[in-house]
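Just so we're on the same page: letters track the sequence lines, and every chain starts at 1. Treat the numbers as computed from the prediction; the structure is a model and nothing was measured.
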There are 2 protein chains.
Amino acid sequence: MTKRDAQREATRQRLVDAAVESLIEEGYAASTTLAVQRRAGVSRGALLHHFPTREELFGAAIGQLVERNEQAVRRELAQAPADPDPVARGLQVLRSAFASPSFGAELELWAAARTSKELRAVLRRAEGAARRDLYRVIGEVLGPEVTGSPAYPMVADLTVQLLRGMAISDVLYREAADQEPLLEQWATVTRMILAARP
Amino acid sequence: MTKRDAQREATRQRLVDAAVESLIEEGYAASTTLAVQRRAGVSRGALLHHFPTREELFGAAIGQLVERNEQAVRRELAQAPADPDPVARGLQVLRSAFASPSFGAELELWAAARTSKELRAVLRRAEGAARRDLYRVIGEVLGPEVTGSPAYPMVADLTVQLLRGMAISDVLYREAADQEPLLEQWATVTRMILAARP
DNA sequence: CCCTTCACAGTCAGCTCTGACTGTGAGATG
DNA sequence: CATCTCACAGTCAGAGCTGACTGTGAAGGG
């Protein structure tokens with residue numbers, strides 16, 4: 001790896017990082033190539049040298065964002081306090097990952113993808129691996145005696161959809177209403193489902 | 001009501017309708033005042049006469065969109081086939097309302113509101129009445145013996161959050177995976193919760 | 001019948017964004 | 001050491017958007 005290659009990679013990474021941060025802090029609509037360029041402290045030529053079109057830049061940024069969110073779940077999981085109840089602990093972990101600004105940015109992209117074929121394609125590609133990984137982490141955190149239940153796949157799906165709904169609702173109602181009681185109630189329901197006879 | 005007033009109101013309504021349609025079909029980012037103007041078949045002067053700023057135009061449009069979605073739930077409800085099971089019927093009705101493009105546009109605005117204080121304020125105002133109405137409709141469709149259950153408020157909240165999550169997920173996964181089985185399973189769970197001893 | 005008002009028409013200035021284009025200097029290569 | 005390559009700098013043209021501004025003709029009041 002020559003000095004040039006290192007410099008190239010460093011600049012490229014700064015651009016992608018700046019794009020991701022812009023998506024998180026400014027939102028998708030306000031994340032122009034100029035905004036990214038300024039945030040990265042890079043010339044126009046540098047940006048266009050690495051990413052000839054806006055689409056390529058945000059294609060890379062979205063991949064990075066999704067990956068970052070995936071890792072955030074793992075990190076939350078690793079540092080979550082031990083809890084005798086794996087369901088409560090797992091839900092807390094997932095909830096706090098889903099409530100982050102970074103995940104909010106991802107959901108914003110999902111919503112915007114509704115009217116953009118290109119964005120949808122980019123997101124589908126990026127989500128592919130992350131989706132599998134998310135379900136795997138959910139399985140890990142809940143433990144084998146939960147994942148062994150015949151109702152487990154359904155519980156996992158319902159949980160993911162519920163958390164997505166709560167994440168979107170947070171934008172408007174986070175301050176208005178505490179969502180944690182709802183999560184605890186969901187934990188109770190989950191235990192009830194898993195305990196039910198097959 | 002003079003001829004002038006009628007004309008004024010007609011033009012204003014065309015503009016708001018065009019703005020709402022643009023939000024639904026093109027998405028928030030692509031809904032410029034020019035796009036609305038062209039869609040409404042109106043001159044620049046006319047648009048700016050009625051709505052001096054972009055914000056005022058979309059403020060009115062968002063109010064209309066939310067109201068339209070609120071009525072859509074009622075309409076779906078009115079024409080839903082009779083069903084001996086009020087839970088299954090209610091969930092079908094809600095699901096099909098939440099899956100409409102019109103509701104997708106609303107969710108897109110929610111997501112975009114994350115990084116825009118103004119948009120959040122507009123949405124909060126518009127959602128106020130609609131939110132209460134939504135819960136009232138849910139109560140109506142499920143019937144008094146369900147709403148009487150002590151677990152009902154929780155079930156209503158969980159259902160709304162779940163449906164929002166499913167609506168967002170539709171953008172990427174509608175074609176990939178049929179969501180209806182999940183809804184049926186949620187109906188089963190709902191019945192189980194409501195049947196449980198207080 | 002005149003005069004005012006007002007809904008709307010059409011043009012325009014100023015701004016921002018995207019991507020193209022040319023120049024430059026440090027690092028790789030012989 | 002000479003030359004070449006390439007990562008990057010900086011400027012610019014073209015396009016789209018917002019909101020301002022002036023003009024116009026029909027509706028309505030006196």
(message) Could you tell me how far apart B/Gln7 (CD) and D/dG28 (P) are, to the nearest whole angstrom?
(response) 11 Å

(request) Within residues 42-60 of chain A, find the residues that approach DNA chain D with a heavy atom at under 4.0 Å, and present them sorted by residue number. (result) A/Ser43, A/Arg44, A/Gly45, A/Ala46, A/His49, A/His50

(request) Send over the distance from A/Arg4 CZ to D/dC6 P, rounded to a whole Å. (result) 7 Å

(request) For atom CD of B/Glu25, decide whether the heavy atoms of other residues, nucleotides or ligands shown that lie under 6.0 angstrom number more than 12. (result) yes

(message) I'd like to know if the side chain of B/Thr32 pairs up with that of B/Arg54 as donor and acceptor (distance under 3.5 Å, no hydrogens or angles considered).
(response) no

(message) To the closest 0.5 Å, what do you measure between CZ (B/Arg164) and OG (A/Ser169)?
(response) 3.5 Å

(request) Enter the inter-axis angle for the ends of the helix from C/dC1-D/dG30 to C/dG30-D/dC1 (five pairs per end, rounded to 10°). (result) 0°

(request) Could you check how far CZ of A/Arg12 sits from P of D/dA7, rounded to whole Å? (result) 12 Å

(request) Please report, rounded to the nearest Å, how far the C1' atom of C/dA7 is from the CD atom of B/Glu9. (result) 13 Å

(message) Any side-chain N or O of B/Thr32 below 4.0 angstrom from OP1/OP2 of D/dC17?
(response) yes

(message) Strictly distance-based, threshold 3.5 Å: is any side-chain N or O of B/Ser22 a donor or acceptor partner for the main-chain N or O of B/Ala18?
(response) no

(message) Counting only side-chain nitrogens and oxygens, does B/Thr2 get under 4.0 Å of the OP1 or OP2 atom of D/dG28?
(response) yes

(request) Send over the distance from A/Gln37 CD to D/dC12 P, rounded to a whole Å. (result) 15 Å

(message) Pairing donors with acceptors under 3.5 angstrom, does anything connect the side chains of A/Arg14 and A/His50?
(response) no

(request) Compute whether any side-chain donor of one residue and acceptor of the other, for A/Trp110 and A/Glu127, lie under 3.5 angstrom apart. (result) yes

(request) Answer yes when B/Asp133 and B/Arg136 have at least one side-chain N-carboxylate O distance shorter than 4.0 Å, and no when they do not. (result) yes

(request) From the options A/Arg120, A/Glu118, A/Arg114, select the one residue that forms a side chain to side chain contact (heavy atoms under 4.5 Å, CB included) with A/Ser116. (result) A/Glu118

(request) Mark yes when over 12 heavy atoms from residues, nucleotides or ligands other than A/Glu56 sit less than 6.0 Å from its CD; otherwise mark no. (result) yes

(message) Students often get this wrong, so: under 4.0 angstrom with heavy atoms, is B/Arg14 touching a base, only sugar-phosphate, or nothing?
(response) nothing

(request) Return the nearest nucleotide to the side chain of A/Arg8; candidates are D/dC8, D/dA7, C/dT18. (result) D/dA7

(message) Side chain of B/Leu34, heavy atoms from C-beta onward: which of D/dT18, D/dC8, C/dC17 has the nearest atom to it?
(response) D/dT18

